Amino acid sequence: MTRGSVIAVLLATVVFMAVPWIVPGNFYINMASQVLIYALFALSLNLMLGYGGMVSLGHAAYLGVAGYTCILLVTAGYNQLTAAVVAVLFSTAFAGVFGVLSLRAPGLGFIMITLAIGQIVWGIAYRANALTGGDNGMSFPARPMPFGFDIQDAKNFYYFTLIVFAIAFFFLWRFSHSPFGASLKGTKEQPRRMRMLGHNVWLIQLLTFVMAGFWASIASVLYVYYNLFLSPHALALQQSAEILLMAILGGATSLTGPIVGALIITLIKNVISTYVERWNSLLGVIFVVVIIFMPYGLVPGCKQLWKRLQSRGKNSAPARTSSEPTE
Amino acid sequence: MQGQFWIIQTLNSVAFGGLLFMLSSGFSLIFGLMRIPNLAHGGFFMLGAYLGYSLLIRGVNFWVAALLGGLAVGLLGVVIERFIIHPSNRILLAIGSFLDAVIFRPLGLRAFSGAWRGMIARFRGLAGNEQGQVLMTLGVSFIVADVCLLIWTGDPMTLPAPPALRRPLFIGGYSFPTYRLVVLGVALVAAACLYLLMERTRLGAMIRAGVDDREMARGCGIPVSRLFTIVFLLGATLAGIGGVLGGPILNAYPGLDTDMLPLALIVVILGGAGSLLGAFVGSFVVGFLYNFGIALVPDLAYFVLFLPMVLVLMFLPQGLFGRVQL
């Protein structure tokens, strides 16, 4: 880690810790929790998208599998910890099946299969009235008390989410800088060469898929804790598309990008929907604009711009020195 | 009574299969040729249904409404293909110089105008970025769905079937819903026309060549990018006509697009992309499974679709009759 990144991490920590004091009122603290939950969704998707080049439109399926499992177990009388653990494990196992099926098609068929499976999960949640309550959704009895702490009120819940998010972020950061992360990037850029070098491309992609599923499941459980309610609308195609847009808007090739994307999209969504009802159109327009004009996203785009500005400032100086013979 | 149930459900299934064929044959051809799943296809279907409704309540003849609705959706498809998915530099330059003449010149922003022109000249759009093109169709589908919601509100609307076809046929003591038989007939005619188009005409031969090997077709002098537009027109028109025809059975409602799109995807996954026969067989398989699933095990209707998809993906990843790798 360079000194710059240490400072950045410390600064980010301070800002994130201070959010409940900066923003006015519980409404905004709750929105901050929402941003963190969506950021975790976007980061998990980004693992596949940014590092592995796999575009999934079925990410909201985890919300269904993990969310409904958690709710059903708690309402059936199991304790909160068991419910959460079982929900995450079951949903991760589902990610394994999901991954095996989706990875049958390389490239754009992958999008189709993930979309189809995501919609099938939605359809089951919507139709299986006896199990999921269908369109009416299900409510979650109460938030848990992790280690005896009460996370009922907005501020405490924000800190709880922040802790989970920080752990997840650390793991994802470690992952992206690990040899496995490097080989994943290799499978994105040059799958054939990676195969020639003896890497099992399919296995690398599948493991990434499962890991993304794991973190998405954690985010799903947080989502259920936050909303205390789950209905099929939460796992519709629109949800998957929003998560995907967050990752792309912020910049899929960076770790900070999805967080920025989640922040922007959640703010726009909350602010806009208090004034107009046309959120879907706006979502579509943002999609089109981002993909045409910022295919690499905000964070890498800004970095590039920053570098260009810096080099423009320096250009005049090195130009003179470079004309002299070096050494 | 039992016999009646099976007759009705079977007819429902084949009629639904026919509608699915109208939807998925275009989807499959677009995927085969352009290698991108057009995620706005469900939106085209829904838009067709709504346009049909608006035409019908103004007293337009049903079949004329179906044709007009289909053509309108087809034109929208062409606009989307030409301007958004494959924006050519010529079109962009035209738009750019128009904006230039209207906004920047009158304001005296000389420097800005130059930068703007340079930006457009260098702009490559989504050329080669197929992933971006898919996401673009997704964005378009959201816009289409929301505009439909804005115009036609959220209430479900039933399209009136042609009066002559509303009364069921009675044969041998059983009643047959006439309209569903007619929908099946139209779908079969459409399938036959598409078959003749693809197998017996020069255009069809060019499309097949493009599906099999796009670069080689280009090398032989086939205008592949014009084929893109033609196939998009064809696919969107078929989806639009399918929407109008499906209106009396399915109704037009917000969410019709996301209900139909996954079914089209499953048809293509089962039947294989780029193949008419695959779309045909897949449509009727999905039609039967979905309809009987809803009638017999309503809670698990979607799960019934999931199983054959799993089997095909595991053992025949190209689909039953696929010409193209998914």
Side-chain angles (χ1 to χ4, degrees), chain A residues 49 53-55 57-58 97 100-132 134 233 236-238 240-242 244-245 248 252 277-293 295, chain B residues 27 31 34-37 39 42 84 87 123 125-126 129-147 149-150 254-255 257-259 261-266 268-269 273 293-294 297-303 305-306 309-310 312-314 316-318 324-326:
Chain A
L49 174 71
M54 299 175 267
V55 188
L57 273 174
V97 179
V100 168
L101 289 176
S102 309
L103 288 170
R104 294 297 285 179
L108 298 170
F110 185 87
I111 303 184
M112 265 169 66
I113 300 177
T114 51
L115 201 166
I117 295 180
Q119 286 302 96
I120 286 175
V121 172
W122 170 84
I124 292 173
Y126 188 72
R127 288 265 175 197
N129 277 319
L131 191 66
T132 63
H233 296 285
L237 172 60
Q238 197 194 359
S240 300
E242 272 170 32
L244 185 65
L245 182 60
I248 294 176
E277 289 173 14
R278 297 267 81 82
W279 165 241
N280 267 352
S281 287
L282 193 70
L283 181 68
V285 171
I286 299 177
F287 239 104
V288 171
V289 169
V290 164
I291 288 156
I292 292 187
F293 295 103
Chain B
F27 182 91
F31 187 89
M34 296 164 60
R35 300 286 193 280
I36 62 161
L39 301 182
I84 301 186
F123 183 72
L126 296 168
N129 177 8
E130 292 180 326
Q131 186 178 307
Q133 291 167 356
V134 182
L135 298 176
M136 195 67 87
T137 62
L138 182 67
V140 168
S141 79
F142 282 129
I143 298 175
V144 168
D146 206 41
V147 169
L149 185 64
L150 182 69
D257 55 340
T258 44
D259 280 352
L261 179 66
L263 296 178
L265 297 182
I266 294 171
V268 173
I269 292 169
I294 285 187
V297 275
D299 277 16
L300 295 175
Y302 277 82
F303 197 69
L305 288 175
F306 182 62
M309 194 178 107
V310 171
V312 166
L313 279 177
M314 291 323 291
L316 284 165
Q318 291 218 337
V324 183
Q325 171 87 49
L326 263 186

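Residue numbers begin at 1 in each chain, while the letters A, B, ... track the order of the sequences. What you see is a predicted model, and the numbers here were worked out from it, not measured in a lab.
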So which part of [X] gets closer than 4.5 Å to some heavy atom of chain B, the side chain, the backbone, both or neither?
| X | value |
| --- | --- |
| Ile286(A) | neither |
| Val288(A) | both |
| Leu103(A) | neither |

Applying side chain to side chain contact (heavy atoms under 4.5 Å, CB included) to Leu282(A) and Phe142(B), what does each step give before you reach the verdict? CA-CA 9 Å; Leu282(A) 193 70; Phe142(B) 282 129; over 6 Å; no

Choice from Thr137(B), Val310(B), Ile266(B), Leu150(B) maximising heavy atom contacts with chain A below 4.5 Å: Leu150(B)

Side chains of Leu57(A) and Val134(B): closer than 4.5 Å at any heavy-atom pair? no

Are any of the side-chain heavy atoms of Leu138(B) and Ile111(A) separated by less than 4.5 Å? no

Gap between atom CG of Leu115(A) and atom CG of Leu39(B) - 0.5 Å precision: 6.0 Å

How many angstroms lie between CD1 in Ile269(B) and CG in Leu101(A), if you round to the nearest 0.5 Å? 9.5 Å

Is Leu263(B) close to chain A through its backbone or its side chain, or both, or neither, when contacts mean heavy atoms under 4.5 Å? neither

Examine whether an atom of Ile36(B) lies under 4.5 Å from a heavy atom of chain A, and if so say whether it belongs to the side chain, the backbone or both; otherwise answer neither. both

Using the salt bridge (charged side-chain N to carboxylate O under 4.0 Å, His left out) rule, collect all pairs that involve residues 135-147 of chain B, keeping only residues at least two apart or in two chains. Arg278(A)-Asp146(B)

Write down the atom of Arg104(A), the atom of Leu313(B), and the distance for their closest heavy-atom approach. NE-O, 2.7 Å

Report all side-chain donor-acceptor pairs from residues 119-128 of chain A shorter than 3.5 Å, counting only partners two or more places apart or in another chain.
{"unit_1": "Gln119(A)", "atom_1": "OE1", "unit_2": "Leu237(A)", "atom_2": "N", "d": "3.3"}
{"unit_1": "Gln119(A)", "atom_1": "NE2", "unit_2": "Thr258(B)", "atom_2": "O", "d": "3.3"}
{"unit_1": "Trp122(A)", "atom_1": "NE1", "unit_2": "Pro232(A)", "atom_2": "O", "d": "3.4"}

